[in-house]
Each structure stands twice: as structure tokens, then as C-alpha cells.
Amino acid sequence: MEFQLRQRGRALIDFEVAARQRANQLHREIEQDLAARGLGAANLPDDMDERHAAIEAALAESNLYGARVLLGEWCAKQHGLACHEAFNEVREEYAPRIEALNAGPTTLTAPEDFEPPAYYSRVWFHRTHGGWDGDPLMGFIHGELVHKKYVAKVFPGDVYAVRKQVTDLAPRRDYRKILEIGASSGHYTKVLAEEFPQAEIWGIDPSKAMLQQCQRLGNELGASWKLFVGLGEKLPFEDNSFDLVTSYAVHHEIPTRTVDQFFKEAMRVLKPGGDILMADVARTRDLDKMQAWSFDYAAKWGGEPYWRATAAMDFTEGAAENGFVDVQGHVAQPSKYFCVTGRKPEGGR
Amino acid sequence: MKMISTPPHRQMLRADQVDNLGEALLALTREVWTLTDRLTVIEALLEAKGAVTRADIERFQPDAEVQALLAERRERLIRAVVDNLARSPEA
């Protein structure tokens with residue numbers, strides 16, 4: 001939906017983007033500073049906590065590091081609030097049009113008795129004030145403002161192109177029925193619909209507010225997506241009912257024990273011969289120690305409590321242990337996003 | 001000569017307020033930015049139209065030239081604040 005922010009709201013978000021870009025520059029300068037002090041990928045501790053401690057000790061007297069910490073904290077706390085404030089300036093003008101888009105061929109089923117698990121309800125992911133359901137229109141605010149006007153500008157490369165890269169890894173192109181776990185506000189859902197135009201698209205996510213934005217996006221596109229409030233580890237779908245189960249950047253938002261449940265449930269709902277295509281953030285093993293520290297630093301202070309543990313996992317093992325065959329791991333470049341593909345055996349049940 | 005009695009030096013901020021001070025400084029910087037942006041928009045509108053209304057300012061969408069000017073001013077403001085925070089005492 002086309003919309004236009006007021007001057008102050010636009011300027012607030014522009015400031016947050018510039019502040020985060022400056023924080024990113026300071027971080028690179030800190031890596032150079034550490035190298036000058038003799039600390040680098042070759043000699044940092046293996047243990048991540050010890051690595052953080054060694055780097056913090058080396059930078060204890062660094063004003064550069066102090067400025068980076070301040071700017072990082074500011075951005076983590078403020079980027080969502082700034083987008084919220086920008087939206088509030090135009091809320092009255094656009095809310096009726098946004099809500100009108102809830103009506104259309106894309107459906108959203110939200111069980112009244114749905115209780116999100118503590119790992120989800122007790123975390124404000126990305127330090128989003130109030131969490132994903134903190135505002136009835138959080139889906140619009142996050143999907144259209146935070147993501148398109150902030151995230152897309154502060155991360156290197158084209159964040160949307162990575163989604164397309166992932167779909168290119170799908171073992172087949174002829175899927176008839178696709179399930180996306182963690183559909184959220186629909187950025188990946190849209191790519192799935194574009195890449196597999198013949199397929200029926202189903203999506204599930206714990207956040208109703210985010211899925212409502214996915215629904216609006218589907219309706220704008222004239223698509224008939226079927227969206228459900230629920231969990232990837234407890235899919236409310238029948239056995240043997242999908243050709244592809246896929247997800248994008250979801251595993252690092254769940255505890256490791258739940259990752260295993262994702263694979264189990266994917267196996268159950270896939271038809272024999274169906275595929276998984278699950279992509280997530282870079283695995284620690286695919287990064288050098290300094291890169292891994294930088295990623296972990298951003299996650300630790302950026303509202304990503306499960307990142308470290310899931311980034312250390314080997315999803316190919318999880319897929320194979322749960323019965324998938326032809327399991328393969330792929331590392332996308334330059335993002336280093338990790339993607340696992342695998343197939344439910346023809347004789348699988 | 002008349003002596004003026006002054007109290008002893010008093011420490012005003014506690015150590016645990018330093019972080020608040022840093023965030024207050026960034027909040028102020030952001031407000032300065034929104035006003036600088038507004039001023040830049042007004043300048044661009046005046047140059048183009050000779051007069052502006054509040055509605056013009058709110059509706060204004062910066063073209064590439066104004067975007068570049070805004071980016072330059074924003075970068076300069078953030079650098080002025082952050083570089084002073086980041087510099088070492090001997091610099």
C-alpha cells in the first residue's frame with residue numbers, strides 16, 4: 001500500500017538509519033583497533049563468552065568502543081520506537097485503508113485459545129518495544145517501516161534478494177502446496193508466491209498482528225494465501241499434506257529444542273517425496289572467530305536470545321536425524337545465510 | 001575587599017548517570033536533525049515555489065539532489081557528536 005510519512009517521521013527514521021550506519025562503521029574501526037592490539041581471528045578464544053571477555057578487556061580504555069556501545073544501544077532501543085512515532089503521525093489518515101485490506105481472498109485463522117509459549121511471549125525480539133503484538137498495526141509498522149525503511153538500509157546488500165536466492169535452492173519447481181513456517185509480515189511469502197506461482201501458499205506464525213500484515217499483502221496481490229496463528233513445532237495440519245515446508249530466518253528466534261520439533265513436524269505434514277527448504281542466519285562454523293564475535297555481539301545486544309545456540313547447530317544433522325534424505329547444506333553468498341534442503345522418503349509416513 | 005562566599009564544588013552527575021547523559025545527547029542530536037531536515041525542506045520549497053505552507057512541508061518528498069544534501073548534513077551532525085564521544089583524551 002502506498003503511503004507517505006510526514007516530515008518529522010521521515011527525518012526520525014533517516015536519523016536512525018544514519019546512526020546505525022555510523023555504529024557499523026565504528027564496529028569496523030574497532031576490529032581494526034583489535035588487530036592493531038594483536039587480537040584477531042587467529043588467536044581469539046574458542047568459547048564465545050571468553051571471546052567477548054577478551055575483547056572487552058582489550059577495549060576497556062577505548063573511547064571508540066564506548067561510543068560504539070552507546071550508539072549500538074541507542075539504535076537497538078530507538079529504531080522501533082522511531083518507526084512507531086513516525087507511523088503515529090499518519091495513523092489516523094491511513095489506518096482505515098490498512099484495515100480495509102484485511103478483507104479479500106487471503107484468509108487468516110486465529111484460534112481464540114492460542115497460547116504462545118514462554119520462549120516467544122517473554123521476549124521482545126529485536127528489542128521491538130511491546131514485541132510483535134505490541135500494537136494492533138504492528139505488522140504494518142514492522143513490515144513497511146522498520147523493515148523497508150530501516151533494516152533494508154542498515155544491512156549490507158539486498159536483504160530481499162537473499163530470499164530469492166533461497167528459493168533458487170529448492171530441489172523442485174513444481175510444488176502444488178507450500179507451507180511457510182514463520183510467515184510474519186509476508187516478505188518471504190511474497191517471494192514464494194512469485195517463484196512458485198502455481199502453488200497454494202499456506203503460512204503459520206505465532207503473531208496475529210504480523211500475520212494480519214501478511215494477509216493484507218496477500219489481498220493487495222489478489223492472492224489466496226491461507227494463514228494460521230500457531231507454532232511450527234505444533235502444526236495444526238494433517239499428515240502428508242504439503243509438497244514443500246519452508247522457512248526463512250526463523251530458527252534463530254526459537255530455542256534449540258524447538259528446532260528439532262520443527263523438523264519432526266515438517267516430516268509429519270509433508271507428503272512422501274516432499275521437500276524441506278529452511279534458511280537461517282549464518283552458522284558460527286562458516287565464519288572466522290572475529291566475524292562470529294561481531295555477529296554474536298549484534299545478536300546479544302539486539303534482542304536475539306536464541307541466536308548463539310541455534311547458529312552453532314548443524315541443521316543438516318537435525319534434518320537427517322528426523323528421517324529426511326538427500327540432505328544438503330548450502331551457504332548463500334555474501335550473506336552466509338545457511339540453508340538446508342532435504343526430502344521425505346517416498347515410503348515415509 | 002568584600003568576600004563572596006561560595007559553596008564547595010559539588011559533583012552534579014553520578015557515574016551511573018553517564019549512560020543517561022549519552023542517550024540524552026543522542027536524543028537531542030536527533031531533535032536537532034529533525035529540525036535541520038525541516039529547514040532543508042523549507043529551503044528547497046522556497047527555492048522552487050517562493051512560498052511554503054505547513055502542508056507543503058509535510059507532503060514534501062526529497063528528490064535525489066535534496067536527499068544528497070540531507071545525507072551530507074545528517075552525516076556531518078552525527079559525526080560531530082559521535083567523533084567527540086569516540087576520541088581519545090590525547091587527541
Side-chain angles (χ1 to χ4, degrees), chain A residues 2-30 32-33 36-37 59-79 81-83 85-86 89-90 92-94 127 149-150 153-154 301, chain B residues 15-45 52-64 66-91:
Chain A
E2 291 291 322
F3 69 101
Q4 190 178 314
L5 297 174
R6 303 243 166 96
Q7 179 272 329
R8 178 180 161 78
R10 177 182 54 72
L12 282 173
I13 298 174
D14 285 346
F15 181 86
E16 292 307 319
V17 169
R20 176 60 187 264
Q21 288 170 339
R22 186 74 188 111
N24 292 347
Q25 287 165 0
L26 289 180
H27 198 93
R28 289 191 289 274
E29 289 171 34
I30 283 160
Q32 291 164 6
D33 185 2
R37 294 167 193 260
L59 297 171
E61 303 296 321
S62 166
N63 287 357
L64 183 71
Y65 185 58
R68 190 267 176 270
V69 171
L70 170 65
L71 213 48
E73 273 298 290
W74 170 271
C75 295
K77 288 180 188 173
Q78 293 292 329
H79 76 279
L81 291 172
C83 290
E85 191 174 336
E89 291 180 346
V90 296
E92 206 173 308
E93 180 182 350
Y94 289 112
R127 296 178 74 173
K149 296 183 183 296
Y150 179 82
K153 293 179 181 175
V154 302
W301 301 110
Chain B
D16 63 2
Q17 282 181 286
V18 172
D19 287 350
N20 295 353
L21 181 64
E23 290 185 300
L25 178 63
L26 290 175
L28 185 60
T29 307
R30 191 170 70 180
E31 287 308 311
V32 171
W33 169 250
T34 62
L35 294 173
T36 304
D37 181 292
R38 198 168 185 88
L39 182 63
T40 307
V41 169
I42 292 169
E43 288 171 350
L45 284 166
V52 292
T53 65
R54 183 174 293 172
D56 289 336
I57 297 168
E58 301 300 353
R59 277 198 303 264
F60 183 79
Q61 292 298 297
D63 60 16
V66 178
Q67 276 183 30
L69 181 61
L70 287 167
E72 183 192 329
R73 290 179 174 180
R74 200 163 49 234
E75 173 85 355
R76 190 166 61 209
L77 175 64
I78 290 176
R79 273 194 177 275
V81 174
V82 175
D83 288 2
N84 272 297
L85 285 165
R87 76 180 149 79
S88 54
E90 65 275 14

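Basis for what follows: all heavy atoms, side chains included, without hydrogens, waters or symmetry-related copies. Here is the naming used below: chain letters follow the sequence lines, and residue numbers restart at 1 for every chain.
- Heavy atoms closer than 4.5 Å to chain B are found nowhere in A:Glu89, neither backbone nor side chain.
- Using a 4.5 Å cut-off between heavy atoms, A:Glu16 touches chain B through its side chain atoms alone.
- The contact between B:Asp83 and chain A is made entirely by side chain atoms (from C-beta outward), counting heavy-atom distances below 4.5 Å.
- Here the straight-line distance linking atom CG of A:Leu70 with atom CG of B:Leu21 works out to 9.5 Å at 0.5 Å rounding.
- One distance of note links CH2 of B:Trp33 with CG of A:Leu12; it measures 11.5 Å at 0.5 Å rounding.
- Between chain B and the residues A:Gln78, A:Glu61, A:Arg68, the largest count of heavy-atom pairs under 4.5 Å involves A:Gln78.
- Neither the backbone nor the side chain of B:Leu35 comes within less than 4.5 Å of any heavy atom in chain A.
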Please step through side-chain contact (heavy atoms from CB on, under 4.5 Å) for the pair A:Asn63 and B:Arg87, ending with a clear verdict. CA-CA 6 Å; A:Asn63 287 357; B:Arg87 76 180 149 79; 5.9 Å; no
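- For the pair B:Glu58/A:Gln4, no side-chain contact is recorded, criterion being any heavy-atom separation below 4.5 Å from C-beta on.
- Counting all heavy atoms, side chain and backbone alike, B:Ile78 lies closest to A:Ala19 at CD1-N, 3.7 Å.
- Remark: A:Leu26 CG to B:Leu85 CG distance equals 9.5 Å, nearest 0.5 Å.
- Between B:Glu31 and A:Arg8, the closest side-chain pair of non-hydrogen atoms falls below 4.5 Å.
- Options B:Ala86, B:Pro62, B:Gly22, B:Ala27 differ in how many heavy-atom pairs under 4.5 Å they form with chain A, and the most are formed by B:Ala86.
- Panel note: side chain B:Glu23, backbone A:Glu73; no donor-acceptor pair is recorded below 3.5 Å.
- Contact of A:Arg22 with chain B is made through the side chain alone, with heavy-atom distances under 4.5 Å.
- Residues B:Asp37 and A:Arg10 are in side-chain contact: their nearest non-hydrogen atoms beyond the backbone lie under 4.5 Å apart.
- By the 4.5 Å heavy-atom criterion applied to side chains, B:Arg54 and A:Gln7 are not counted as neighbours.
- Neither the backbone nor the side chain of B:Thr36 comes within contact range of chain A; no heavy atoms are under 4.5 Å apart.
- The two residues B:Leu26 and A:Phe15 come nearest to each other via the heavy atoms O-CZ, 4.1 Å.
- When each of B:Thr29, B:Val41, B:Leu70 is checked for heavy-atom pairs under 4.5 Å with chain A, B:Thr29 comes out on top.
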Checking side-chain contact (heavy atoms from CB on, under 4.5 Å) for the pair B:Arg74/A:Gln21: CA distance, chi angles, key distance, verdict? CA-CA 12 Å; B:Arg74 200 163 49 234; A:Gln21 288 170 339; over 6 Å; no
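- Using a 4.5 Å cut-off between heavy atoms, B:Ala71 makes no contact with chain A at all.
- Chain B forms more heavy-atom pairs under 4.5 Å with one residue of A:Leu71, A:Val69, A:Asp14, A:Val17 than with any other, namely A:Asp14.
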